[in-house]
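See below for the structure under consideration.
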Amino acid sequence: MGLYDYYLAARVRRHSAEAPAHTAVVITERDLLEAGAYDTLADFYAWAFDSGVDRITVYVSVLDAAAVPTLERELGNVAAPREVAVRGPDDDERADAPIQVSVGHGGKHEFATAVRSVADAVAAGDIDPDAIDEDVIESELVFPAEPDLVIKTGAERLSDFMIWQSVYSELYFTDVNWRDFRKRDYLRAVLDYQNRQRRFGR
């Protein structure tokens, strides 16, 4: 780590505002075809936990559905300091691990599936329609936690990313592509987050 990285890390530590507790990164299937892409992800896990997060979400947008099994396997094999839960497009098992990886699990699909589950519960008489609130919907989501900071590399576009969970997240876009993403780029994102005044929709 260079002197500039030490400088940025010191600024993050000494900042009066808290660093994000839950950081998410949005990357693409194409990003993971680049040499060293999975090593960068392993490094990202270390940078984030070193900066104080307690949860990480990785969202991988996928164009070729045939690539999903390979991506799931490779992402599950990335060296990680904590437990990892990888979920694909058709998974409905809740992801509660400290590191959550979504492989083509679109936000619209996730939300529609959650609403359908709640509707089934109403039809079965297990829940009163008047009792449906945000907590009920969130209890049916595969990725229930709300990121404080969402980092998108390479372009200012989130695709179909966690549309429910990220509604109050702070979004950070960087022109740096995933293959070139370094610790300093992550620390810059954290500093930008710390310098913002979060409004949570107000």
Side-chain angles (χ1 to χ4, degrees), residues 22-49 53-120 137-147 149-166 169 171-174 176-182 185-186 189:
H22 179 184
T23 296
V25 63
V26 180
I27 57 180
T28 67
E29 165 193 353
R30 187 173 60 247
D31 289 327
L32 294 175
L33 295 175
E34 298 285 349
Y38 292 100
D39 292 333
T40 299
L41 188 58
D43 291 339
F44 174 79
Y45 291 159
W47 303 332
F49 284 120
V53 306
D54 52 37
R55 187 179 297 272
I56 295 170
T57 297
V58 178
Y59 179 85
V60 182
S61 61
V62 176
L63 293 177
D64 181 6
V68 168
T70 299
L71 290 170
E72 288 181 315
R73 183 181 66 251
E74 294 300 322
L75 288 162
N77 289 331
V78 173
R82 302 188 191 177
E83 181 186 357
V84 178
V86 179
R87 298 290 183 267
D90 299 320
D91 290 329
D92 57 9
E93 181 184 358
R94 194 175 179 91
D96 286 322
I99 301 174
Q100 305 171 351
V101 181
S102 169
V103 184
H105 196 285
K108 289 182 179 179
H109 173 75
E110 180 186 30
F111 182 67
T113 301
V115 171
R116 193 160 48 245
S117 295
V118 173
D120 289 343
I137 298 294
E138 288 172 1
S139 71
E140 298 295 334
L141 296 174
V142 174
F143 299 94
E146 301 175 0
L149 171 64
V150 177
I151 300 171
K152 175 64 176 75
T153 62
E156 294 192 5
R157 184 163 49 88
L158 283 181
S159 303
D160 188 15
F161 169 79
M162 298 178 76
I163 57 175
W164 176 281
Q165 302 91 324
S166 64
S169 302
L171 308 181
Y172 180 86
F173 297 96
T174 174
V176 178
N177 290 319
W178 181 250
R179 66 175 179 269
D180 301 318
F181 197 74
R182 299 164 296 175
D185 300 305
Y186 174 70

If you compare all heavy atoms of [X] against all heavy atoms of [Y], which two are closest, and at what distance to 0.1 Å?
{"X": "Pro89", "Y": "Val103", "result": "CD-O, 3.2 Å"}
{"X": "Trp178", "Y": "Ala37", "result": "NE1-O, 3.2 Å"}
{"X": "Asp185", "Y": "Asp180", "result": "OD2-O, 3.6 Å"}
{"X": "Trp47", "Y": "Arg182", "result": "CH2-C, 3.3 Å"}
{"X": "Ala95", "Y": "Ala85", "result": "CB-CB, 4.1 Å"}
{"X": "Ala65", "Y": "Val62", "result": "N-CG1, 4.3 Å"}

Between [X] and [Y], is there a donor-acceptor pair closer than 3.5 Å when you use the side chain of the first and the backbone of the second?
{"X": "Arg87", "Y": "Glu93", "result": "yes"}
{"X": "His22", "Y": "Leu149", "result": "no"}
{"X": "Ser169", "Y": "Leu171", "result": "no"}
{"X": "Arg55", "Y": "Ala97", "result": "yes"}

Any chance you could measure [X], atom [atom1], to [Y], atom [atom2], to the nearest 0.5 Å?
{"X": "Phe143", "Y": "Gln100", "atom1": "CZ", "atom2": "CD", "value": "6.5 Å"}
{"X": "Ile56", "Y": "Thr23", "atom1": "CD1", "atom2": "OG1", "value": "7.0 Å"}
{"X": "Ser117", "Y": "Asp92", "atom1": "OG", "atom2": "CG", "value": "7.5 Å"}
{"X": "Leu141", "Y": "Glu146", "atom1": "CG", "atom2": "CD", "value": "9.5 Å"}
{"X": "Thr70", "Y": "Asp64", "atom1": "OG1", "atom2": "CG", "value": "9.5 Å"}
{"X": "Glu83", "Y": "Asp96", "atom1": "CD", "atom2": "CG", "value": "9.0 Å"}

Carefully, step by step, assess Val150 and Tyr59 under the rule side-chain contact (heavy atoms from CB on, under 4.5 Å).
-> CA-CA 10 Å; Val150 177; Tyr59 179 85; over 6 Å; no
Would Leu63 and Glu29 count as a side-chain contact (heavy atoms from CB on, under 4.5 Å) if you check the C-alpha gap in whole Å, the side-chain angles of each, and the deciding distance to 0.1 Å?
-> CA-CA 7 Å; Leu63 293 177; Glu29 165 193 353; 3.9 Å; yes
Residues 72-79 side chain polar contacts: donor-acceptor under 3.5 Å, at least two apart:
unit_1, atom_1, unit_2, atom_2, d
Glu72, OE2, Gly88, N, 3.1
Asn77, ND2, Arg73, O, 3.1

Show the numbers, then the answer: is there a side-chain contact (heavy atoms from CB on, under 4.5 Å) between Glu140 and Val118?
-> CA-CA 8 Å; Glu140 298 295 334; Val118 173; 3.9 Å; yes
Please determine, by modelled atom types, if Gln165 and Glu110 share a side-chain donor-acceptor pair under 3.5 angstrom.
-> yes
Thr28 and Asp31 side chains, donor-acceptor separation under 3.5 Å | yes
Heavy-atom side-chain contact between Ser102 and Val142 under 4.5 Å = no
Would you check if the distance from the ring center of Tyr186 to the ring center of Phe44 is below 6.0 Å?
-> yes
Compute both the distance and the angle, then confirm whether Arg82 meets the cation-pi test with Tyr45: under 6.0 Å from the six-membered ring centre, within 45 degrees of the axis.
-> no
Ile151 and Phe181: side-chain contact (heavy atoms from CB on, under 4.5 Å), yes or no, with the steps?
-> CA-CA 11 Å; Ile151 300 171; Phe181 197 74; 4.3 Å; yes
